[in-house]
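What follows is a single structure, written as structure tokens, with notes after it.
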Amino acid sequence: MSNNYPDMKNFVFVSPNFPEKYWQFCDELQKNGVRVLGIGDTPYESLSAELKRSLTEYYYVANLADYDQMYRAVGYYAWKYGRIDWIESNNEFWLESDARLRTDFNVNTGIKMDRIDSIKEKSEMKKYYAQGGIRTARQIKASEGIDAVKAFSVDAGYPLFAKPDVGVGAGGTHKIESEAALEAFFATTPQVNDYVIEEFVTGDICTYDAVINSKGEPLVESMCVCPPSIADVVNENLESTYFVEKKMSENLRFWGRRTVKAFGVTSRFVHLEFFRLNRAHRGLGEVGDFVALEVNMRPGGGYTPDMINYAHNISMFKIWADMIAFDRRTTPDPNDDYYCVFAGRRDNVAYVLDNAAIIAKYRDSMMMTPRIAPALAPAMGDYAYIARFRDADARDAFLYDVCNRAE
């Protein structure tokens, strides 16, 4: 079948129904004249009405992890609509599958298999950081053996921090306090050779969130601050809190843009993680300096895109779709900024202020009160409040009220 619409871009969106808000990416694409072709493992009749309206066609596969099924789906779309211009999920879990499909169908608008290790393996990321002159914690692969790691610890000191070389979030992470703990880690950890071990760095985790055009230039930039680390939230059953800054630190802007250049990022979302040091660290910097943690070549997780929208009165969904269709923004920056705050609570914890009291007190500031999907609950809490404020004192008071546990 020939392509009857030669000027229309063909965009294959993988898993457009998860996260749920991703239908807005599809909606903005189709408003820009892009043909949006979905592939997912949810039956068509279970898709939201909004997503259905945004898709030209939807191809159901029983298993998104089955590459043969994915290949056949893209092949069908190429046969029916002509050359595929984009393949994207905006989802960490499918980055490698996206890259493999782009490689096999010669789609040149995203990362292919020859570059995928640089954005998935934390050990490979270090090479690009080094080439860009970007400071990072020293690291060693556990596969080099326990004696090599012990030698590494002599200079790096304890504690050390172990994490899977390929992984998302805090899953499988370990803080190693001593040589005895290191020996226990090697003795008891399955697939220990798949880990990397780093010197321990303390500070707030800050993120540089941006949409990058085909020239490697940011169309929009935003900054998030995550006071408790995700590892601490998960391991210690803490409340999950973070916020979008009202204005970006110029220091973070510098290092974020430098990282984009070092990794050769074009035409995509980025969510780049940095430590902001809370104490001087030999070889890395002084209090307040930024140290690179890892790169994520996709939007921030959970409700981060929505929060950026609320903070800056913009639509990240539209800006991204404008980048895809036009390689530029079509809407101005309103320069109307807030702090936007996420605070997640646990079902098994009692709080001083109950839900009704929080809603009543912050009714005018509240933007969303979502129930968190069970798969995300360990890192984000079981239910959350998302609110925005003009000043930092109001932001901090809100965080205290939401997280204040009853005795």
### Task
Go through the steps for His312 and Ser222 under the test side chain to side chain donor-acceptor pair (under 3.5 Å), then give the verdict.
CA-CA 9 Å; His312 306 304; Ser222 186; 3.0 Å; yes

### Message
Give me each pair satisfying ring pair (Phe, Tyr, Trp, His ring centres under 6.0 Å) with a member in residues 101-122, each pair once, sequence neighbours excluded.
### Response
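Counting only pairs at least two positions apart or across chains, the ring pair (Phe, Tyr, Trp, His ring centres under 6.0 Å) contacts touching residues 101-122 are Tyr71-Phe105.
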
#### Entry: Contact list for residues 35-62, test ring pair (Phe, Tyr, Trp, His ring centres under 6.0 Å), sequence neighbours left out
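Listed by first then second residue: Tyr59-Tyr76.
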
### Message
Tell me whether Arg390 forms a cation-pi arrangement with Tyr338, defined as NZ or CZ under 6.0 Å from the six-membered ring centre and within 45 degrees of its axis.
### Response
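Yes, Arg390 sits over the ring of Tyr338.
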
### Query
Hey, would you say the Phe25 and Trp320 ring centroids sit under 6.0 Å apart?
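Yes, the ring of Phe25 comes within the 6.0 Å limit of the ring of Trp320, centre to centre.
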
### Query
Can you name the nearest heavy-atom pair linking Ile84 to Val107, along with the distance?
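In terms of heavy atoms, the two residues are closest at O-CG2, 3.5 Å.
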
#### Entry: Smallest separation among heavy atoms of Arg395 and Phe389, with atom names
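Taking Arg395 first and Phe389 second, the nearest heavy atoms are CA-CD1, 3.9 Å.
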
Evaluate the side-chain proximity of [Y] to [X]: yes if any heavy-atom separation is below 4.5 Å, no if none is.
| X | Y | answer |
| --- | --- | --- |
| Tyr158 | Glu177 | no |
| Pro334 | Ile314 | yes |
| Asp27 | Glu50 | no |
| Tyr22 | Leu51 | no |
| Lys215 | Asp327 | yes |

### Query
Who pairs with Phe13 by ring-ring contact (aromatic ring centres under 6.0 Å, His included), at least two apart in sequence or on another chain?
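For Phe13, the residues satisfying ring-ring contact (aromatic ring centres under 6.0 Å, His included) (neighbours in sequence not counted) are Phe11.
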
#### Entry: More than 12 heavy atoms of other groups within 6.0 Å of Tyr400 OH
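No, not enclosed.
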
### Query
Is the number of heavy atoms from other residues, nucleotides or ligands within 6.0 Å of NZ (Lys141) greater than 12?
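Counting neighbours around NZ of Lys141, 12 or fewer heavy atoms of other residues, nucleotides or ligands fall under 6.0 Å, so no.
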
### Query
Rounded to the nearest 0.5 Å, how far does CH2 of Trp255 lie from CZ of Arg276?
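Going from the CZ atom of Arg276 to the CH2 atom of Trp255 covers 16.0 Å.
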
### Query
Rounded to the nearest 0.5 Å, how far apart are CE of Met8 and CD of Gln30?
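Here the interatomic distance stands at 9.5 Å.
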
### Message
Going by the rule side chain to side chain contact (heavy atoms under 4.5 Å, CB included), which residues pair with Lys21 if we only count those two or more places apart in sequence or in a different chain?
### Response
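Expected list: Gln24, Asp306, Phe317, Met368.
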
### Query
By side chain to side chain contact (heavy atoms under 4.5 Å, CB included), which residues pair with Ala156, not counting sequence neighbours?
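Only Arg138, Phe152, Leu160, Glu199 meet the side chain to side chain contact (heavy atoms under 4.5 Å, CB included) criterion with Ala156.
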
Under 4.0 Å between a side-chain nitrogen and a carboxylate oxygen: does that hold for [X] and [Y]?
| X | Y | result |
| --- | --- | --- |
| Glu57 | Lys80 | yes |
| Asp117 | Lys127 | no |
| Lys112 | Asp104 | no |
| Arg298 | Glu88 | no |

#### Entry: Asp322/Asn32 under side chain to side chain donor-acceptor pair (under 3.5 Å): CA gap, chis, key distance, verdict
CA-CA 7 Å; Asp322 286 350; Asn32 283 346; 2.9 Å; yes

### Query
Which residues satisfy the salt bridge (charged side-chain N to carboxylate O under 4.0 Å, His left out) test with Glu286, sequence neighbours excluded?
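Applying salt bridge (charged side-chain N to carboxylate O under 4.0 Å, His left out) to Glu286 gives none.
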
### Query
Asn278 and side-chain contact (heavy atoms from CB on, under 4.5 Å): which partner among Thr202, Asp204, Val287?
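When side-chain contact (heavy atoms from CB on, under 4.5 Å) is applied between Asn278 and each of Thr202, Asp204, Val287, only Thr202 qualifies.
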
### Message
Less than 3.5 Å apart, any donor N or O on the side chain of Asp209 or Thr207 sitting next to an acceptor on the other?
### Response
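Side chains of Asp209 and Thr207: pair found under 3.5 Å.
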
